[in-house]
Amino acid sequence: ATVFLMLALQRRLLVSKSSLLVYLLICLAVTCSTVLAITIPPNGTTASYSSVPYLLGIYAFFVFRLRWTLSVMDTLAIFRNIMACVAACSCIQFTAQFVGLRFFSFAKFVPDSLLLESRYNVVIPLWYGASIYKSNGLFLLEPSILSQFLALALVTEFLYFGSPLRIILLAIALVTAFSGTVLLVVVFAVVFASFVERRSFFRAAKFAIIAGSVISVFATIADSDRCR
């Protein structure tokens, strides 16, 4: 709602006539169903009348359209910038453990009713009893979720932008999540792209060297912690 309000104040929203017509028909159908449920209560079931305003409010956003739409590359550029920030947070979060600073959850600062952390494995050690924990990027619920987004960002960066510094940052952050399955997906996507597009072959070779070096370093760190 806040985003739509900001866009409306910036005059970047338009009302789609066709979507508005469909929305009004939905409102009419929902209203008739609600009145029918009130006048003729269903047997054995209960209707949540308070949910009707929420339902109509959620679908009201589909009436609007952006005045200036973003291109695919503009959208990918926004995504890569967001993931670069998340990757930096992931690296800082993981490194801070070695100086005694651990921050993996907002449970101490945000009420449980506003969080979903109880349903996810937010804090996960590298293995049972390990003193080093997998990074979740501060803002994501699990290391596995972090690794999935980082994998998408890494493939996007490799295929469309090719910034060596960002590729290194994303690769390091991906390793801090310690998700082997996603690493295989990234490697497969990069190798496949290098064969489809010949000019990506040398970038794929550089990527393989960097990724192998980073994985070796973190594997050494993990092994030293296990041997303590």
Side-chain angles (χ1 to χ4, degrees), residues 2-4 6-7 66 68-97 101-106 109-110 115-117 119-124 126 132-194 196-197 199-200 202-219 221:
T2 304
V3 174
F4 275 84
M6 293 176 60
L7 292 174
L66 287 173
W68 302 286
T69 57
L70 296 175
S71 65
V72 174
M73 294 305 298
D74 292 334
T75 305
L76 292 177
I78 295 173
F79 174 69
R80 73 188 286 256
N81 290 333
I82 293 175
M83 290 311 301
C85 295
V86 173
C89 292
S90 177
C91 295
I92 294 173
Q93 181 187 47
F94 187 83
T95 307
Q97 297 181 86
L101 298 177
R102 292 180 179 175
F103 184 78
F104 292 88
S105 172
F106 289 91
F109 308 97
V110 181
L115 294 176
L116 298 174
E117 293 184 355
R119 304 177 183 178
Y120 294 87
N121 293 321
V122 180
V123 183
I124 305 177
L126 295 185
I132 301 176
Y133 294 86
K134 299 179 181 181
S135 180
N136 59 13
L138 291 180
F139 306 104
L140 299 177
L141 291 171
E142 286 187 357
S144 60
I145 299 177
L146 170 66
S147 63
Q148 292 170 19
F149 278 99
L150 288 174
L152 291 175
L154 188 57
V155 174
T156 300
E157 188 67 38
F158 177 80
L159 293 179
Y160 299 105
F161 299 98
S163 172
L165 293 178
R166 295 211 182 200
I167 290 177
I168 293 173
L169 174 62
L170 293 170
I172 294 175
L174 185 61
V175 176
T176 63
F178 283 88
S179 179
T181 304
V182 177
L183 283 174
L184 293 176
V185 172
V186 172
V187 172
F188 174 79
V190 171
V191 172
F192 178 78
S194 67
V196 173
E197 192 174 358
R199 65 185 180 88
S200 299
F202 294 103
R203 282 193 293 162
K206 294 179 182 179
F207 174 82
I209 295 173
I210 294 173
S213 302
V214 172
I215 292 173
S216 299
V217 171
F218 280 88
I221 295 174

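Counting begins at 1 with the first residue of the sequence. Heavy atoms only: backbone and side chains are in, while hydrogens, waters and symmetry mates are out. Since the model is a prediction, treat every value here as computed from it, not as a measurement.
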Return the minimal non-hydrogen interatomic distance between [X] and [Y], and the atom names on each side.
X: Ala177; Y: Leu146; value: CB-CD2, 4.0 Å
X: Thr156; Y: Leu76; value: CG2-CD2, 3.9 Å
X: Ser144; Y: Ser147; value: O-OG, 2.7 Å
X: Lys134; Y: Pro143; value: CB-CG, 3.7 Å
X: Ala87; Y: Leu170; value: CB-CD2, 3.9 Å
X: Asp74; Y: Ser71; value: OD2-OG, 2.9 Å

Gln93 side chain to Asn136 side chain, donor-acceptor N/O pair below 3.5 angstrom: yes
Any side-chain heavy-atom pair from [X] and [Y] closer than 4.5 angstrom?
X: Ser135; Y: Gln97; answer: no
X: Phe161; Y: Met73; answer: yes
X: Arg166; Y: Asn81; answer: yes

Working for side-chain contact (heavy atoms from CB on, under 4.5 Å), residues Phe149 and Val86: CA-CA 9 Å; Phe149 278 99; Val86 173; over 6 Å; no
With sequence neighbours excluded, residues passing ring-ring contact (aromatic ring centres under 6.0 Å, His included) with Tyr133: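 ring-ring contact (aromatic ring centres under 6.0 Å, His included) list for Tyr133, sorted by chain: Phe104.
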Reference residue Ile172; test side-chain contact (heavy atoms from CB on, under 4.5 Å); the match among Ile168, Leu169, Val175: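 Testing each of Ile168, Leu169, Val175 against Ile172, the sole residue satisfying side-chain contact (heavy atoms from CB on, under 4.5 Å) is Ile168.
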Straight-line distance of Phe139 CZ to Ile82 CD1, nearest 0.5 Å: 11.5 Å
Leu150 CG to Ser90 OG distance, which is reported to the nearest 0.5 Å: 6.0 Å
